[in-house]
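See structure below.
Naming: A, B, ... by sequence-line order, numbering from 1 per chain. Note that these values count all heavy atoms, side chains included, but never hydrogens, waters or copies made by symmetry. All values reported here derive from a predicted model rather than from experimental measurement.
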There are 2 protein chains.
Amino acid sequence: MAPDTGDPAPSGRPATSVDVARLAGVSQATVSYVLNDAPGVTISEATRARVRAAAEELGYAPDASARTLRTGRSDIVLMPLLAAPIGTLVLSLLNELVERLREHGLTLALYGDARSRGVVAARDWTRWRPAAVVVEAHRLTAASVRRLHDAGCATVVGLGAEPSPLVPTMVIDDGEIGAAAARHLLGRGRRNLAAVVPAERGLDAFGERRLGGVTAAAQAAGAAVRCVDLPFDEDAAARLAAGWAAGGARPDGVFAYNDEYAMLLMRALQDAGLDVPGDISVVGADDLPLGRFLRPRLSTVRVAGDVTAAGLAERLARMVAERERDPAVTVSLTRVEMVPRESS
Amino acid sequence: MAPDTGDPAPSGRPATSVDVARLAGVSQATVSYVLNDAPGVTISEATRARVRAAAEELGYAPDASARTLRTGRSDIVLMPLLAAPIGTLVLSLLNELVERLREHGLTLALYGDARSRGVVAARDWTRWRPAAVVVEAHRLTAASVRRLHDAGCATVVGLGAEPSPLVPTMVIDDGEIGAAAARHLLGRGRRNLAAVVPAERGLDAFGERRLGGVTAAAQAAGAAVRCVDLPFDEDAAARLAAGWAAGGARPDGVFAYNDEYAMLLMRALQDAGLDVPGDISVVGADDLPLGRFLRPRLSTVRVAGDVTAAGLAERLARMVAERERDPAVTVSLTRVEMVPRESS
DNA sequence: TTGTACGCGTTATCAT
DNA sequence: ATGATAACGCGTACAA
């Protein structure tokens with residue numbers, strides 16, 4: 001561990017701008033001007049240097065609350081807790097997103113209040129005077145958006161399946177995922193489709209959307225889709241597969257909610273003596289690396305391949321800077337791509 | 001969408017405690033006393049009711065920065081960005097952890113500065129006067145811990161492979177994972193072990209630790225361990241498997257860095273005509289649900305099965321309340337459990 | 001460049 | 001027993 005040569009004066013409380021001013025022999029105002037590169041003030045280079053040296057020597061870092069209190073706006077991007085589905089997408093980017101936001105001077109704060117919405121929630125969110133609030137669009141109301149703006153929030157960004165009429169939205173279109181899978185299966189000549197979704201639906205509107213996409217695409221092609229609720233459980237999958245193996249109304253193409261469900265299902269089908277894709281084609285979603293280790297390799301729908309944390313952070317920073325409030329603005333987080341492999 | 005009956009007066013800027021005082025016909029101080037249930041002051045129930053009603057009517061929420069500025073401490077738990085390995089464990093709990101922290105009045109803020117450490121980093125972290133900082137222990141130094149405490153931080157919690165001499169630590173003991181796997185393989189009569197770890201080591205001291213555990217356990221039993229660097233890549237795995245199938249010095253038991261590596265490896269071994277576990281036993285780590293869908297089912301080492309987000313939040317809240325600073329305090333986040341299945 | 005008012009909630013001190 | 005007054009924390013920005 002390297003020796004830690006930090007503050008030469010690790011004494012008592014952190015230094016304030018007054019301390020810096022005293023050490024540099026200038027006024028507190030000058031310190032502020034220099035360190036913020038304030039426009040419209042002229043300060044000699046010599047003074048600037050003295051101030052900066054003093055700040056460095058004292059290890060000065062401006063108190064965020066004091067600055068926020070004065071300016072009425074913090075550098076916080078507040079993300080009230082995301083419900084599971086959106087969470088998985090964003091969470092996978094989280095590590096890098098945080099870092100990238102930092103490069104734009106923004107701090108990500110997570111807020112845990114999954115159940116409240118509307119103005120009641122907005123009251124809470126405004127307590128830190130965030131520069132931006134990024135939240136599932138369905139938790140917003142006209143009044144809550146107004147409240148956030150009134151509190152100095154530069155931009156309120158919605159997340160959801162479709163553009164919000166209230167705020168600029170980042171759209172996560174799960175319907176398109178199901179649709180891509182369905183079109184693929186139909187293109188392979190499958191006419192009798194099934195969609196396997198988690199048994200506990202309603203918990204996530206996610207599966208619902210993916211299912212909706214399948215249905216729409218199939219109907220457009222005049223094909224049938226049946227929906228199968230399946231707990232994530234080997235026994236349940238085995239029962240389902242046994243039924244299909246026994247010859248009951250067996251689909252010839254299945255879209256699974258995600259790759260994990262696809263793997264569960266494929267395993268069960270094979271154990272029941274069915275051939276994949278001979279008897280039944282299987283398509284998953286999310287493109288887990290593990291899908292390639294199956295035999296046959298799992299076909300899947302890849303999502304958001306080109307949505308990078310850097311890009312998101314960049315976009316967010318711009319929306320803050322420009323106080324973007326136009327509900328017509330939408331950013332699509334889901335670029336969907338079918339990845340055909342051997343299972344279909 | 002429900003109608004949003006929030007503030008009856010959605011006017012201009014958010015209400016302040018002065019507004020509440022005026023409406024309730026009391027002083028600003030009284031508002032503070034009432035809403036904070038201040039001890040040592042006596043205020044009539046009638047007044048309390050008036051204050052609360054006024055606050056409710058105005059949709060009053062105290063400004064967090066003002067409160068922080070005054071008290072010198074915020075309700076923020078700051079987690080400077082975590083490097084990959086620890087990230088996966090914590091990240092999986094993140095959603096719920098955030099919510100649970102909220103129940104204790106704490107807000108989680110993520111901070112993106114992965115590369116700085118010591119006092120330089122601590123300066124940055126103190127800007128929000130966090131109630132707690134939770135960070136990888138190796139990024140701390142004596143001076144930085146002092147700085148954090150000086151800035152009012154109630155507790156600094158380290159994360160790491162071993163207890164830190166500086167702060168109470170949450171220990172993630174990866175060595176024990178490798179050791180559990182090795183003991184299991186040895187107990188199955190395997191004497192010629194291999195550990196498969198990611199090719200780009202050093203990037204994560206994680207694999208290093210798991211490997212160390214394997215080695216130690218094997219040595220204790222007088223068995224051999226060879227270390228194999230493997231890129232996460234089907235071709236590389238195929239080449240490795242082909243070599244072993246050709247009869248070269250083939251191990252009879254393999255511990256893979258994690259379940260994903262185990263799946264990659266098992267697939268390659270089987271494709272190369274080797275029998276698992278007949279020729280080679282395979283053990284992974286992390287207990288991914290998908291391991292059960294392999295044939296044979298994947299044996300694995302389960303980690304942190306009983307570390308819940310609620311428990312962590314509870315612990316953290318207590319450490320804040322008690323200003324826990326004793327480096328002797330350690331919380332183990334890794335309870336390791338061998339889960340034998342068919343692959344070993 | 002500097003003096004100073006200001007933003008808002010907390011708490012010690014003082015007055016009924 | 002109840003509640004008001006006022007100082008304070010720290011950085012920012014306007015008037016001087």
**Message:** Rounding to 10°, can you tell me the angle the first-five-pair axis of the helix from dT1(C)-dA16(D) to dT16(C)-dA1(D) makes with its last-five-pair axis?
**Reply:** 50°

**Message:** Please classify the nucleic acid contact of Ser44(B) as base, sugar-phosphate, or nothing, using heavy-atom distances under 4.0 Å.
**Reply:** sugar-phosphate

**Item:** Salt-bridge criterion met for Glu99(B) and Arg115(A) (N-O under 4.0 Å)
**Value:** yes

**Request:** With heavy atoms under 4.0 Å as the rule, sort Val31(A) into base, sugar-phosphate or nothing.
**Result:** nothing

**Asked** Would you call Arg102(A)-Asp75(A) a salt bridge at under 4.0 Å N-O?
**Response** no

**Message:** Which heavy atom of Gly59(B) sits nearest to which heavy atom of Arg123(A), and what is that distance?
**Reply:** O-CD, 2.8 Å

**Message:** Treating Thr30(B) as the side-chain partner and Val26(B) as the backbone partner, does any N or O pair qualify as donor plus acceptor under 3.5 Å?
**Reply:** no

**Request:** Give me the first and last nucleotide of DNA chain D, going 5' to 3', that has any atom under 4.0 Å from a heavy atom of chain B.
**Result:** dA1(D) to dC10(D)

**Prompt:** Taking protein heavy atoms under 4.0 Å as touching, what does nucleotides 7-12 of chain C look like 5' to 3' if B marks base contact, S marks sugar-phosphate-only contact and - marks none?
**Reply:** BBBBBB

**Pair Glu324(A) + Arg315(A): basic N to acidic O under 4.0 Å** = no

**Asked** With a 4.0 Å cut-off on heavy atoms, is Thr68(A) in touch with a base, just the backbone sugar-phosphate, or nothing at all?
**Response** nothing

**Asked** Can a salt bridge be assigned to the pair Arg147(A) and Asp124(A) using a cut-off of 4.0 Å between side-chain N and carboxylate O?
**Response** no

**Item:** Closest heavy-atom pair and its distance - Val171(A), Glu162(A)
**Value:** CG2-C, 4.1 Å

**Request:** Determine, for Arg129(B) against Asp63(A), whether the closest basic-nitrogen to carboxylate-oxygen distance falls under 4.0 angstrom.
**Result:** yes

**Prompt:** Got a salt bridge between Glu103(A) and Arg100(A), using NZ or NE/NH1/NH2 to carboxylate O under 4.0 Å?
**Reply:** yes

**Request:** Answer yes or no: is there an ion pair linking Glu57(A) with Arg52(A), defined by an N-O contact shorter than 4.0 Å?
**Result:** no

